[in-house]
Trainee: 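Dumping the structure here so I can ask a few things about it.
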Amino acid sequence: MASSTASSSANSGSSTTSTRPVLTTIPNGVKFLFGGMSGMGATLFVQPLDLVKNRMQLSGKEGQAKEHRTSLHAVRAIVRAEGLLGMYNGLSAGLLRQATYTTTRLGTYTALMERAGGGPGSPPPPFLVKAALGMVAGACGAFVGTPAEVALIRMTSDGRLPVNERRGYKNVFNALIRITREEGLLTLWRGCIPTINRAVVVNAAQLASYSQAKQFLLSTGYLSDNIGCHFCASMLSGLVTTAASMPVDIAKTRVQNMKIIDGKPEYKNGMDVLVRVIRLEGVFSLWKGFTPYYARLGPHTVLTFIFLEQLNSLYLHRIA
């Protein structure tokens, strides 16, 4: 949805500045840049929730005792063991993920929309076409963003390991260099298929649920097409998207964080993760970390939209 939101907000940004007749639209390259910057800005606020979600998804794996009973229990344990700044472990990886994944997804979606006839002055393509384009864009963004995702998962989970087993990456670039040197270049794309699967599910769920939620809210007559409506629709969309995407997200998280034991990986693939989680931990373990995941997804979308609007407005008034 970030891609569709970005496109619509960029268009709305240009339409609200009719006092500057010289300007027609914001260049695509600037739109892509603003999309990545907006995602990075939102990540500064929601990174602690991402860390808690990852810790809970790794908690109690393979029949071990659960480390964290609830999200609040996880937060207290992390702050007590690692300090308040420990909630921001992996921030550099989270920012790089947005710079790669969000920018690529936005750029690909915008380009595909223009080819499909959704450019300025043209009628937008049908909803199912937009959903399909969003899925393709999400898959492209996931492939480009997987190295940063691998670093993010490892850096946010490092604090839960015994001291002698911690990887101790200094920052995302140190993580990428060490992973390449110690485990091989292809390790940066470990879990790429589950990551792409997650991106496809997330984009499909977000596009469909956001569109329907927004349509419903506007039909009530209590809300107009403004940021209040966008906020409510985003939160409803986040609930649906969280429920749909968490099983593939937990598969992705565990594959990307797994270790090689005696020359063999812990898991064969994402499906092996799902089967073993259900067998050893119960089917509801597929939704571990639901609260922080949902709490991150909705606000991240809303914040991205707000930052994008402000960047568009700044560009239209000060630069263009």
Side-chain angles (χ1 to χ4, degrees), residues 39-62 64-98 101-102 145 148-163 165-169 171-172 175 191 194-195 198 202 234-235 237-258 273 277 281-282 284-304:
M40 292 171 73
T43 294
L44 292 173
F45 291 88
V46 303
Q47 176 68 18
L49 296 171
D50 216 14
L51 183 141
V52 172
K53 183 265 297 182
N54 290 338
R55 293 285 180 93
M56 292 190 69
Q57 287 183 337
L58 293 167
S59 172
K61 65 182 217 178
E62 299 301 300
Q64 300 171 4
K66 290 184 178 180
E67 297 168 67
H68 307 302
R69 296 184 297 273
T70 65
S71 299
L72 289 177
H73 178 263
V75 170
R76 285 197 297 267
I78 293 168
V79 172
R80 184 168 59 248
E82 303 167 51
L84 190 60
L85 291 180
M87 294 296 295
Y88 276 89
N89 283 338
L91 176 61
S92 61
L95 293 174
L96 183 62
R97 180 184 180 276
Q98 291 298 320
Y101 170 67
T102 301
E149 185 93 24
V150 171
L152 175 64
I153 296 300
R154 292 188 176 195
M155 292 176 72
T156 54
S157 63
D158 211 33
R160 63 180 288 274
L161 298 173
V163 176
E165 294 182 19
R166 293 179 185 177
R167 297 179 173 102
Y169 300 133
N171 52 59
V172 65
T195 302
R198 175 191 175 278
V202 165
S234 295
M235 296 305 288
S237 173
L239 185 63
V240 174
T241 305
T242 299
S245 65
M246 280 211 72
V248 290
D249 190 71
I250 196 171
K252 172 193 72 65
T253 298
R254 294 202 177 182
V255 167
Q256 290 175 331
N257 190 60
M258 71 179 178
V273 174
V277 167
E281 304 170 46
F284 291 108
S285 293
L286 294 176
W287 284 271
K288 277 182 181 177
F290 184 95
T291 301
Y293 189 97
Y294 172 60
R296 174 198 178 279
L297 196 61
H300 190 276
T301 300
V302 174
L303 288 169
T304 299

Trainee: For residues Arg254 and Ile153, determine if any side-chain heavy atom of one lies less than 4.5 Å from a side-chain heavy atom of the other.
Mentor: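 Side chain of Arg254 against side chain of Ile153, heavy atoms only: no contact under 4.5 Å found.
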Trainee: Any donor-acceptor pair under 3.5 Å linking the side chain of Trp287 with the backbone of Ala243?
Mentor: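 Here the side-chain-to-backbone pair exists.
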Trainee: Should the pair Arg198-Asp249 be classified as a salt bridge under the 4.0 Å nitrogen-to-oxygen rule?
Mentor: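 Answer for the salt bridge query: yes.
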Trainee: Mind checking the CG-CG spacing from Leu152 to Leu95? Nearest 0.5 Å is all I need.
Mentor: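 One finds 9.5 Å between CG of Leu152 and CG of Leu95.
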Trainee: Looking only at heavy atoms, what is the nearest atom pair of Tyr88 and Phe45, with distance?
Mentor: OH-O, 4.4 Å
Trainee: Return the set of residues passing side-chain hydrogen bond (donor to acceptor under 3.5 Å, both in side chains) with Asp50 (not counting sequence neighbours), or none when no residue passes.
Mentor: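 Counting only residues at least two positions away or on another chain, Asp50 forms a side-chain hydrogen bond (donor to acceptor under 3.5 Å, both in side chains) with Arg296.
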Trainee: Show your reasoning for whether side chain to side chain contact (heavy atoms under 4.5 Å, CB included) applies to Asp158 and Asn89.
Mentor: CA-CA 9 Å; Asp158 211 33; Asn89 283 338; over 6 Å; no
Trainee: Show the nearest heavy-atom pair for residues Ala151 and Val172, with the distance to one decimal.
Mentor: CB-CG2, 3.9 Å
Trainee: Do the side chains of Glu82 and Arg166 get close enough for a salt bridge, i.e. N-O under 4.0 angstrom?
Mentor: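 No, no charged N to carboxylate O under 4.0 Å.
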Trainee: Just so I know, are the side chains of Phe290 and Lys53 near enough to count as touching, which here means a heavy-atom distance under 4.5 Å?
Mentor: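 The answer is no, as the side chains (C-beta and beyond) never meet within the 4.5 Å cut-off.
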Trainee: With sequence neighbours left out, write down each residue that passes side-chain hydrogen bond (donor to acceptor under 3.5 Å, both in side chains) with Ser245, or none if nothing qualifies.
Mentor: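 Ser245 satisfies side-chain hydrogen bond (donor to acceptor under 3.5 Å, both in side chains) with Tyr293 once adjacent residues are dropped.
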Trainee: When you look at Thr43 and Gln47, which way does the side chain to side chain donor-acceptor pair (under 3.5 Å) test go after all the steps?
Mentor: CA-CA 5 Å; Thr43 294; Gln47 176 68 18; 5.8 Å; no
Trainee: Under the side chain to side chain contact (heavy atoms under 4.5 Å, CB included) rule, what do Lys252 and Glu149 come out as? Steps first, then yes or no, please.
Mentor: CA-CA 10 Å; Lys252 172 193 72 65; Glu149 185 93 24; 2.7 Å; yes
Trainee: To the nearest 0.5 Å, what is the distance between CZ on Arg55 and OG1 on Thr156?
Mentor: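 Between atom CZ of Arg55 and atom OG1 of Thr156 there are 7.0 Å.
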Trainee: For residues Glu165 and Leu161, report the shortest heavy-atom separation together with the two atoms involved.
Mentor: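 Smallest interatomic distance, heavy atoms only, reads O-CD1, 3.8 Å.
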Trainee: In chain order, what residues pass the side-chain hydrogen bond (donor to acceptor under 3.5 Å, both in side chains) check against Tyr169, with sequence neighbours excluded?
Mentor: Arg154
Trainee: Of all heavy-atom pairs between Met155 and Ala175, which one has the smallest distance, and what is that distance?
Mentor: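 Met155 and Ala175 have their closest heavy atoms at SD-CB, 4.3 Å.
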Trainee: Which is it for Gln98 and His300 under the side chain to side chain contact (heavy atoms under 4.5 Å, CB included) test, yes or no, and what are the steps along the way?
Mentor: CA-CA 11 Å; Gln98 291 298 320; His300 190 276; 3.5 Å; yes
Trainee: Can you tell me how far the CZ atom of Arg97 sits from the CE atom of Met40, to the nearest 0.5 Å?
Mentor: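 One finds 12.5 Å between CZ of Arg97 and CE of Met40.
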Trainee: For a side chain to side chain contact (heavy atoms under 4.5 Å, CB included) check, start with the C-alpha distance between Leu44 and Leu91, then their side-chain angles and the critical distance, and finish with the verdict.
Mentor: CA-CA 8 Å; Leu44 292 173; Leu91 176 61; 4.1 Å; yes
Trainee: Between Val273 and Ile250, what is the shortest heavy-atom contact and its length?
Mentor: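 In terms of heavy atoms, the two residues are closest at CG1-O, 4.3 Å.
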Trainee: Using every non-hydrogen atom in the two residues, find where Gly191 and Val255 come nearest and quote the distance to one decimal.
Mentor: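 Looking at all heavy atoms of both residues, the closest pair is CA-CG1, 3.6 Å.
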